[in-house]
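Working notes for the structure below.
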2 protein chains.
Amino acid sequence: MGTAYGQFCPVAKAMELLDERWTMLLVRELVMGSEHFNDLRRGLPRMSPSLLSKRLQQLVRAGIVEKRVDGTDVRYLLTPAGEELRPVVEAVGAWGARWIGEIGDRDLDPKLLLWDMRRNIVEEATPPGRTVVELRFPELRASQRRWWLVIGPDEVDVCDDDPGHEVDLVVTTSLRTLTQVWMGLGTWDQARGAGQITVDGPAALRRALPGWLALSTFAHVERGPHVVRV
Amino acid sequence: MGTAYGQFCPVAKAMELLDERWTMLLVRELVMGSEHFNDLRRGLPRMSPSLLSKRLQQLVRAGIVEKRVDGTDVRYLLTPAGEELRPVVEAVGAWGARWIGEIGDRDLDPKLLLWDMRRNIVEEATPPGRTVVELRFPELRASQRRWWLVIGPDEVDVCDDDPGHEVDLVVTTSLRTLTQVWMGLGTWDQARGAGQITVDGPAALRRALPGWLALSTFAHVERGPHVVRV
DNA sequence: CGGTATCCCCGTCGATACTG
DNA sequence: CAGTATCGACGGGGATACCG
């Protein structure tokens with residue numbers, strides 16, 4: 001790992017493992033349930049594959065992650081020690097949600113947002129059969145303007161080009177608005193009331209939408225004054 | 001801070017502030033109550049003063065630390081946002097105490113151990129007047145072999161050379177044993193029973209010692225299998 | 001899908017010295 | 001006590017290409 005701190009303190013020893021760039025975010029992805037290399041990549045799009053590979057090896061060596069190979073299927077699973085990092089990730093995320101000020105445009109990413117949303121969709125609350133939701137961010141450049149969530153009976157897909165299915169719901173908003181709603185800063189209904197989100201489609205589907213589109217893990221953290229600059 | 005992650009996730013935004021080397025340990029020192037530059041240095045002896053200065057400035061800019069200058073007196077205090085990092089430090093330390101395997105010889109440091117002990121001494125439980133405890137680590141080289149804790153009526157001093165006062169108690173042990181007791185791996189009495197610690201001096205003082213020499217903040221964490229290698 | 005290999009730059013950090 | 005100044009190396013990590 002990084003150079004040792006030369007301290008016996010448990011905080012120091014733990015941070016020798018955790019303070020390298022990307023490591024905590026990788027642990028976050030594992031805690032959130034991603035197991036495959038390319039799924040981890042989707043949650044960490046700015047991390048190079050070689051660095052992801054290196055970090056995974058470090059965590060395996062440390063005893064935090066188990067690499068389970070089953071034929072062609074490779075999974076990275078948290079060991080019990082790794083699973084117990086969940087409270088650490090939660091404490092960090094709760095602090096961030098509570099104190100970090102407004103996020104910059106550089107931190108908005110439609111692909112990442114959709115991927116996060118995908119992970120939290122409440123399958124039991126989705127309509128039977130297949131539901132296709134199109135998301136439109138008119139302010140973005142063409143290649144990032146339209147996205148599709150294909151909520152099948154058994155799985156959810158995120159597409160950045162038209163999957164060809166008939167669209168059931170069209171959500172039009174700004175990327176910032178949807179990100180903020182997802183993070184729990186203002187509610188879906190507030191944003192709709194303010195005209196910042198419009199939803200087109202059958203009334204039943206529109207009403208049901210907030211029921212299965214669960215928000216971020218940290219959406220319900222009680223907020224502080226958001227004074228921290230980062 | 002370090003390069004941005006380009007993610008809106010609160011974990012990512014928080015780690016942009018916290019994942020640089022030394023930062024979490026500096027926050028630990030502040031959470032533990034150190035306020036002066038040179039006190040912070042004592043808790044972070046391998047950190048260069050310029051880097052400490054830089055990190056403090058970063059934390060001040062971020063809104064986590066307040067630099068309060070009062071004449072010649074300079075103090076670094078946690079803001080409310082910084083104070084709320086305490087649960088993060090505790091989660092990290094608890095995880096480390098529970099899972100990190102045996103610490104290496106490189107992580108043992110008598111000066112740091114005594115400084116940590118000094119901070120946790122229960123002043124109300126110390127004997128009235130001045131008590132001088134000499135600690136002996138026979139296995140260390142001469143310059144690190146003898147230490148003195150001078151527990152005055154109002155303050156506690158750590159000395160690495162003879163303060164000249166009459167010594168009330170002499171504790172002889174190995175640095176590793178004392179560090180492990182301090183961290184909660186085995187008790188004072190167990191170590192004494194095993195002949196790994198001897199205490200010489202008046203019986204009343206010997207009996208009282210464990211009462212005012214409080215252990216590490218993380219000594220009472222329930223331990224796991226200590227399988228993590230770092 | 002699941003990674004490795006390579007290359008090179010730039011920034012961090014460590015070391016040391018020095019000052020008000 | 002409370003820091004700044006300087007400087008060099010080293011290696012982390014970003015980018016890119018490529019393989020099984």
Side-chain angles (χ1 to χ4, degrees), chain A residues 1-7 12 15-26 29-30 34-62 65-77 106 109 115 155 157-158, chain B residues 1-7 12 15-26 29-30 34-62 65-77 106 109 115 155 157-158:
Chain A
M1 307 303 154
T3 319
Y5 285 116
Q7 300 199 175
M15 288 314 290
E16 285 179 20
L17 284 169
L18 299 174
D19 73 357
E20 282 181 305
R21 187 163 158 78
W22 290 111
T23 299
M24 191 72 82
L25 303 201
L26 173 52
E29 289 302 300
L30 292 162
S34 287
E35 298 180 346
H36 291 277
F37 193 87
N38 284 327
D39 285 346
L40 294 166
R41 287 202 66 183
R42 286 189 191 80
L44 304 164
R46 318 263 280 240
M47 188 181 193
S48 76
S50 53
L51 188 53
L52 173 56
S53 173
K54 180 181 172 184
R55 286 284 183 276
L56 283 168
Q57 290 173 34
Q58 288 176 315
L59 293 179
V60 168
R61 253 188 291 125
V65 167
E66 178 199 350
K67 177 174 181 172
R68 185 172 295 172
V69 182
D70 187 3
T72 173
D73 182 63
V74 182
R75 288 167 195 269
Y76 295 94
L77 303 170
R106 297 282 153 269
D109 182 331
W115 175 250
E155 60 169 12
D157 270 339
V158 175
Chain B
M1 307 302 155
T3 319
Y5 285 116
Q7 301 200 175
M15 290 313 290
E16 286 179 20
L17 284 170
L18 300 173
D19 73 357
E20 281 181 306
R21 187 164 159 77
W22 291 110
T23 298
M24 191 72 82
L25 302 201
L26 172 52
E29 289 302 302
L30 292 162
S34 287
E35 299 180 346
H36 291 277
F37 192 86
N38 284 328
D39 284 347
L40 294 166
R41 286 201 67 182
R42 282 189 251 287
L44 304 164
R46 317 266 279 241
M47 187 180 192
S48 77
S50 51
L51 189 52
L52 173 56
S53 174
K54 180 181 172 184
R55 285 283 182 279
L56 283 168
Q57 290 174 34
Q58 289 176 314
L59 293 180
V60 168
R61 253 188 291 125
V65 167
E66 178 199 350
K67 178 174 180 172
R68 185 172 297 171
V69 183
D70 187 3
T72 175
D73 183 62
V74 182
R75 287 167 196 270
Y76 294 93
L77 303 169
R106 297 281 153 266
D109 182 332
W115 175 251
E155 59 169 12
D157 270 339
V158 175

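Only heavy atoms go into these numbers, but all of them, side chains included; no hydrogens, no water, no symmetry mates. Residue numbering restarts at 1 for every chain, and letters A, B, ... go by the order of the sequence lines.
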Legend entry - d(CG, Asn38(B); P, dT4(D)) in whole Å: 12 Å

Inset, instruction - Please give the angle, rounded to 10 degrees, between the axes at the start and the end of the helix from dC1(C)-dG20(D) to dG20(C)-dC1(D), where five pairs define each axis. - result: 60°

Legend entry - Residue-phosphate contact under 4.0 Å: Arg46(A) side-chain N/O, dG13(D) OP1/OP2: no

Inset, instruction - Find the distance Leu25(A):CG to dG13(D):C1' and express it as a whole number of Å. - result: 14 Å

Inset, instruction - Specify the closest pair of heavy atoms between Val74(A) and His36(A), including all atoms of both residues, with the distance to one decimal. - result: O-ND1, 3.1 Å

Inset, instruction - Describe the nucleic acid contact of Arg21(B) in one word from base, sugar-phosphate, nothing, applying a heavy-atom distance below 4.0 Å. - result: sugar-phosphate

Inset, instruction - Give a yes or no on whether the backbone of Phe37(B) and the side-chain of Arg41(B) come within a donor-acceptor separation of less than 3.5 Å. - result: no

Inset, instruction - Just compare dG3(D), dC13(C), dG2(C) and give me whichever is closest to any side-chain atom of Glu20(B). - result: dC13(C)

Inset, instruction - Determine whether Arg46(B) and Tyr5(A) make a side-chain contact, defined as any pair of heavy atoms from C-beta on separated by less than 4.5 Å. - result: no

Inset, instruction - Figure out the CE/C1' separation between Met47(B) and dG14(C), and round it to whole Å. - result: 11 Å

Legend entry - Minimum heavy-atom distance Met47(A)-Arg55(A), with the two atoms named: CE-CG, 3.5 Å

Legend entry - Side-chain touch Leu77(B)/Glu35(B), heavy atoms, less than 4.5 angstrom: yes

Legend entry - Non-hydrogen side-chain atoms of Tyr76(A) and Lys67(A) separated by less than 4.5 Å: yes

Legend entry - Trp22(B) side-chain N/O to dG14(C) phosphate OP1/OP2 under 4.0 Å: yes

Inset, instruction - Provide, to the nearest angstrom, the distance between the CD atom belonging to Glu35(B) and the P atom belonging to dA2(D). - result: 11 Å

Legend entry - Nearest atoms (heavy-atom pairs only) where Ser34(B) meets Trp115(B): OG-CZ2, 4.3 Å

Inset, instruction - Answer yes or no: does a side-chain N or O of His36(A) lie under 4.0 Å from OP1 or OP2 of dG2(C)? - result: yes

Inset, instruction - Taking the side chain as every heavy atom from C-beta outward, state whether Val65(A) and Leu26(A) have any pair of such atoms under 4.5 Å apart. - result: no

Inset, instruction - Could you state the atom-to-atom distance from CG of Asp19(B) to P of dG12(D) in whole Å? - result: 15 Å

Inset, instruction - Kindly check if the number of other-residue, nucleotide or ligand heavy atoms within 6.0 Å of CG (Asp70(A)) is above 12? - result: no

Inset, instruction - Nearest whole angstrom, please: distance from the P of dG2(C) to the OH of Tyr76(A). - result: 9 Å

Legend entry - Side-chain N or O of Tyr5(B) closer than 4.0 Å to phosphate OP1/OP2 of dG13(D): no

Inset, instruction - May I have the distance from Leu51(A) (atom CG) to dG3(C) (atom C1'), rounded to whole angstrom? - result: 14 Å

Legend entry - Spacing between Leu52(B) atom CG and dA2(D) atom P, to the nearest angstrom: 11 Å

Inset, instruction - Output yes when at least one side-chain N/O atom of Gln57(A) is less than 4.0 Å from OP1 or OP2 of dT4(C), else no. - result: yes

Legend entry - Distance test, side-chain N/O of Ser53(B) to OP1/OP2 of dT4(D), below 4.0 Å: yes

Inset, instruction - Output yes when at least one side-chain N/O atom of Gln58(B) is less than 4.0 Å from OP1 or OP2 of dT12(C), else no. - result: no

Legend entry - Within residues 67-75 of chain A, residues whose heavy atoms come under 4.0 Å of DNA chain D: none

Legend entry - Test item: Leu17(A) and Gln58(A) side chains (from C-beta on) under 4.5 Å apart, heavy atoms: no

Inset, instruction - Return no unless some side-chain N or O of Lys54(A) is found under 4.0 Å from OP1 or OP2 of dG12(D). - result: yes

Legend entry - dA2(D) phosphate, OP1 or OP2, under 4.0 Å from Arg42(B) side-chain N/O: no

Legend entry - Among dG3(C), dA17(C), dC13(C), the one nearest Pro49(B) by side-chain distance: dA17(C)

